[in-house]
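Structure first, commentary second.
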Amino acid sequence: MLKGSFYHSAETRVDFPCVGDFVLLHYNESGDSLIDTVLPRRSKFSRADYSGHAASYAKTIREQVVATNFDYVFIISSLNWDFNVPRIMRYLTQARQSGGQPVVILTKSDLVPDYNLPLAEVTQSIPDVPVYAISSHTGQGLNELAPYLMPGKTVVFLGMSGVGKSSLLNALIKQDVMKVQAIREVDSRGRHTTTHRQLFMLPSGAMVIDTPGMRELGLFDANEGIRANFSDVEEWFPRCRFADCRHQAEPGCAVHAALADGSLPRERWEHYVAQQHENKYIQNKTGYLIEKRAKGKTMGIWSKQTKKNGGSKK
Ligand code: GDP
Ligand code: ZN
């Protein structure tokens with residue numbers, strides 16, 4: 001329970017306790033203990049809070065703290081087709097601002113014939129940050145993470161949806177804890193949310209913070225990354241005869257023409273389609289967030305998709 005003065009004196013939600021915080025308690029043996037003070041944070045991740053609730057208090061976007069007091073930030077990126085060094089660099093900036101120590105984890109090493117090339121590429125781009133290639137499926141490389149997973153240390157995972165964060169956490173815990181803990185429920189506004197435990201203790205004695213807020217940080221960056229990565233593909237779209245062209249078999253499709261004469265490599269197109277497919281999967285997983293964001297801004301593929309479907313929400 002929070003001491004009443006939090007509600008009166010806390011300037012913003014920033015002062016509210018969140019996952020990872022250490023607090024001073026008035027311990028109550030027979031009921032709720034009272035949180036008196038949130039101790040100073042040595043590291044933190046925040047996101048912009050766009051919720052209407054906050055906006056009604058002040059017409060500004062507020063900072064919402066989503067995780068605190070972690071030692072390491074695992075920047076997680078997969079080694080298969082969405083491998084992308086500039087994205088890792090952007091996460092690195094976020095990680096450094098947070099006060100945690102960044103560690104780059106390249107996942108799904110079992111899916112690439114030789115992970116040494118991408119590994120070297122990352123190491124060259126960021127020589128001062130440790131980089132590891134791992135597979136949660138085969139267990140390859142997991143032992144190398146042991147120095148970060150010492151008792152009392154806390155880790156947060158940062159990375160796009162689908163890169164293998166849950167799988168890594170599961171592999172480290174060696175049981176399917178995410179699936180067991182996840183409860184689908186409908187919150188008071190009738191939107192679907194997934195609630196689950198937010199702090200996991202590993203057998204080694206280290207802790208992993210995994211909050212929905214952290215996931216949104218990953219997603220936020222992913223959007224920008226996707227648009228930047230596929231501008232060479234999307235630049236064909238305005239040249240299609242029909243504004244709502246789906247680039248399948250429509251007459252006058254510029255994408256088809258570009259594929260036919262080789263100006264758009266087929267491989268790029270296939271990557272784009274696969275990415276779009278994955279986005280729909282992410283959208284289903286975190287639908288409420290996209291819906292909220294799509295209202296304010298054009299957010300690449302997602303909002304295009306929404307407009308094509310006549311603005312319907314899934
Ligand atoms: P998250 O959204 O970042 O938590 O990603 P998930 O852990 O849910 O993984 C997304 C997909 O990638 C799932 O289908 C996983 O089975 C797959 N995946 C995760 N880690 C690995 C890995 O090490 N190897 C392979 N082959 N697939 C993986
Ligand atoms: Zn087209």
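Computed from a predicted structure; not experimentally measured. All ligand and atom numbering here is 1-based and tracks the order in the structure.
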Does a side-chain N-to-carboxylate-O contact under 4.0 Å join R96 and D128?
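So R96 pairs with D128 through a salt bridge.
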Indicate yes or no: does D21 engage R41 in a salt bridge with an N to O separation below 4.0 Å.
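A salt bridge is present here (some side-chain N lies under 4.0 Å from a carboxylate O).
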Among the heavy atoms of V163, does any lie under 4.0 Å from an atom of ligand 1?
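Per 4.0 Å heavy-atom rule, V163 contacts ligand 1.
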Please identify which atoms of ligand 1 are closer than 4.0 Å to at least one heavy atom of [X].
| X | answer |
| --- | --- |
| M160 | 3 (O) |
| L111 | 26 (N) |
| K165 | 1 (P), 3 (O), 4 (O), 5 (O), 7 (O) |

[X] N/O to ligand 1 N/O under 3.5 Å:
| X | value |
| --- | --- |
| G164 | yes |
| D110 | yes |
| I134 | no |
| S167 | yes |

Taking the Zn ion (ligand 2) as the vertex, measure the angle between atom SG in C240 and atom SG in C245; round to 10°.
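Vertex at the Zn ion (ligand 2): approximately 120°.
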From the Zn ion (ligand 2) out to just under 2.8 Å, does an N/O/S atom of C253 turn up?
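C253 does place an N, O or S atom closer than 2.8 Å to the Zn ion (ligand 2).
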W236 six-ring face occupied by R239 cation (under 6.0 Å, within 45°):
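The answer is yes, since R239 meets both limits relative to W236.
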With a 3.5 Å distance limit and no angle check, can you tell me whether [X] reaches the backbone of [Y] through a side-chain donor-acceptor pair?
| X | Y | result |
| --- | --- | --- |
| D36 | L24 | no |
| H247 | F237 | no |
| E250 | Q248 | yes |

is_close_aromatic(Y132, Y148), centroid dist under 6.0 Å:
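Yes, ring centres under 6.0 Å apart.
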Which N, O or S atom of H247 lies nearest to the Zn ion (ligand 2), by name:
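That would be atom ND1.
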Can you tell me which residue among V73, V65, T68 is in a side-chain contact (heavy atoms from CB on, under 4.5 Å) with F45?
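Exactly one option meets the side-chain contact (heavy atoms from CB on, under 4.5 Å) with F45, and it is V73.
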